[in-house]
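Encoded as structure tokens, the structure appears first; notes follow it.
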Amino acid sequence: MPSGDNDIKKLVWVVAFVFAVALTGMVAGALFGVVTGLLAPKFFTEVLAGGILIRDPLPESDALGIAVMLGGFGGVMCGGALGCFAVLVRLVLRLFGRERE
């Protein structure tokens with residue numbers, strides 16, 4: 001098998017790793033949003049939505065949706081960044097020869 005095919009397979013696994021970490025972060029962030037939305041719905045209805053998005057306070061059901069959406073979005077961003085950072089650390093270690101094969 002030529003070396004190029006092996007490099008493509010490695011790249012596919014790297015992309016799959018970053019994607020899986022981002023999805024895991026999204027699930028964790030959405031669960032955090034559910035818990036936060038259930039425990040402190042007034043935070044989302046009055047503080048976030050009350051002055052930033054619209055002027056009238058939202059019902060508590062909308063607060064839960066906003067919390068889940070913000071948690072999921074933040075989780076995707078943090079999870080994707082963490083996965084990319086892990087790949088970058090491995091690349092730097094490999095370039096400077098400190099990683100054992």
Side-chain angles (χ1 to χ4, degrees):
M1 178 185 296
S3 175
D5 291 342
N6 195 19
D7 291 340
I8 291 174
K9 285 184 180 182
K10 287 181 182 178
L11 181 64
V12 168
W13 279 109
V14 167
V15 170
F17 170 75
V18 173
F19 186 71
V21 172
L23 284 180
T24 304
M26 180 186 70
V27 170
L31 289 175
F32 178 77
V34 167
V35 171
T36 307
L38 291 174
L39 291 179
K42 290 197 184 287
F43 174 75
F44 293 98
T45 57
E46 293 177 4
V47 176
L48 289 179
I52 297 173
L53 300 175
I54 58 174
R55 299 210 182 266
D56 297 329
L58 297 172
E60 289 187 12
S61 61
D62 288 345
L64 184 62
I66 291 172
V68 170
M69 187 266 309
L70 289 176
F73 179 74
V76 165
M77 293 297 124
C78 292
L82 180 66
C84 290
F85 181 73
V87 171
L88 183 66
V89 167
R90 182 175 169 130
L91 175 70
V92 168
L93 289 176
R94 179 172 284 190
L95 285 176
F96 290 109
R98 298 185 194 263
E99 183 181 278
R100 296 182 186 150
E101 291 292 326

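- Closest approach of V18 to G80, counting heavy atoms only: CG1-O, 4.1 Å.
- V35 belongs to a hydrophobic cluster with L39, counting contacts under 4.5 Å between side-chain heavy atoms of Ile, Leu, Val, Met, Phe, Trp and Tyr, direct or through other members.
- The side-chain contact (heavy atoms from CB on, under 4.5 Å) search around L31 returns V27, not counting sequence neighbours.
- When all heavy atoms of F17 and G83 are compared, the pair lying nearest together is CE2-O, 3.9 Å.
- By the side-chain contact (heavy atoms from CB on, under 4.5 Å) test, V14 pairs with V87, sequence neighbours left out.
- Grouping Ile, Leu, Val, Met, Phe, Trp and Tyr by side-chain contacts under 4.5 Å, direct or through others, puts F73 with F19, L23, M26, V76, M77.
- Contact record, A67 with G33: CB-O, 3.1 Å, taken as the closest heavy-atom pair.
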